[in-house]
Amino acid sequence: QVQVVESGGGLVQAGGSLRLSCAASGRTSSIYVMAWFRQAPGKEREFVANIRWSGGSTYYADSAKGRFAISRDNAKNTVYLQMNNLKPEDTAVYYCAARYVSSWSTTLRDYNYWGQGTQVTVSS
């Protein structure tokens, strides 16, 4: 079992920055990739970015490219999402997820463990 807990959400003005954290615990050695997803009110949960737990390869949704950066600190079992130049349309609950199957995925259903989410609100 793996547990993931997000933190770092909040209220920020458009153009501002936030850094989200995702702390993993339990059988972290089984993790292959960690990801961030988000869900805006009335919309489906969507992929934002992911990172390979070992090696650090990353992949971003088009909406995140150039503004968001995903990183990890294996010593702390923590993944980060640095979000810059935030826009009102970035307002959502942001979820961290872990996948233990050894293949890359940006699909929601392919992730095995999920956190409770952290709210990000961007005001205009």
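Values in this document were obtained by computation on a predicted structure and should not be read as measured data.
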Heavy atoms, side chains only, cut-off 4.5 Å: are V93 and Q116 in contact? no

Is a donor from one side chain sitting under 3.5 angstrom from an acceptor on the other, for N84 and S17? yes

Are the side chain of E6 and the backbone N or O of C96 linked by a donor-acceptor pair below 3.5 Å? yes

Once rounded to the nearest 0.5 Å, what's the spacing between atom CE of M34 and atom CZ of R72? 11.5 Å

May I ask you to decide if the ring planes of W104 and Y32 are parallel, tilted or perpendicular, using 30° and 60° as cut-offs? perpendicular

Heavy-atom closest pair, residues V33 and I51: CG2-O, 3.1 Å

Should D62 and K65 count as an ion pair when the cut-off is N to O under 4.0 Å? yes

Counting only heavy atoms not in Y59 (residues, nucleotides, ligands), do more than 12 fall under 6.0 Å from its OH? no

Keeping R67 on the side-chain end and N85 on the backbone end, is there a donor-acceptor pair under 3.5 Å? yes

Any donor-acceptor pair under 3.5 Å linking the side-chain atoms of S105 with those of R109? no

Any side-chain heavy-atom pair of R38 and S63 under 4.5 Å: yes

With side chain to side chain contact (heavy atoms under 4.5 Å, CB included) as the test, would you mind laying out the steps for T106 and N50 before giving the verdict? CA-CA 7 Å; T106 62; N50 60 6; 4.1 Å; yes

Would you give the length of the straight line joining atom CH2 of W36 to atom CD1 of I70, rounded to the nearest 0.5 angstrom? 8.0 Å

Could you tell me which non-hydrogen atom of F37 sits nearest to which non-hydrogen atom of W114, and how far apart they are? CD1-CH2, 3.4 Å

Where R45 and Y95 come nearest, the two heavy atoms and their spacing: NH2-CZ, 3.4 Å

Think R19 forms a cation-pi with Y80, using NZ or CZ under 6.0 Å from the six-ring centre and within 45 degrees of its axis? yes

Residue pair S124 / A14: nearest heavy atoms and the distance that separates them: CA-CB, 4.4 Å

Give the cluster check for Y111 versus V48: same hydrophobic cluster or not, with ILVMFWY residues linked at side-chain heavy-atom distances below 4.5 Å. no

Atom pair CG (N74) and OG (S29), whose distance is rounded to the nearest 0.5 Å: 11.5 Å

Euclidean distance, R27 CZ relative to Q3 CD, rounded to 0.5 Å: 11.5 Å

Working to the nearest 0.5 angstrom, can you tell me the gap between T78 OG1 and L20 CG? 12.5 Å

Closer than 3.5 angstrom, by distance alone: can the side chain of T28 be matched with the main-chain N or O of S25 as a donor-acceptor pair? no

With a 4.5 Å limit on heavy-atom distance, are the side chains of Q1 and Y113 in contact? yes

What is the minimum heavy-atom distance between A98 and V2, and which atoms define it? CB-CG1, 4.4 Å

Can you tell me how far apart SG (C22) and CG (L81) are? Round to the nearest 0.5 Å. 10.5 Å

Would a single hydrophobic cluster contain both W53 and Y60, if residues Ile, Leu, Val, Met, Phe, Trp and Tyr are joined by side-chain heavy-atom contacts under 4.5 Å? yes

Considering all heavy atoms, the nearest V120-M83 contact: CG2-CE, 3.9 Å

Only one of T118, V122, T121, V12 passes side chain to side chain contact (heavy atoms under 4.5 Å, CB included) with L18, and that residue is V12

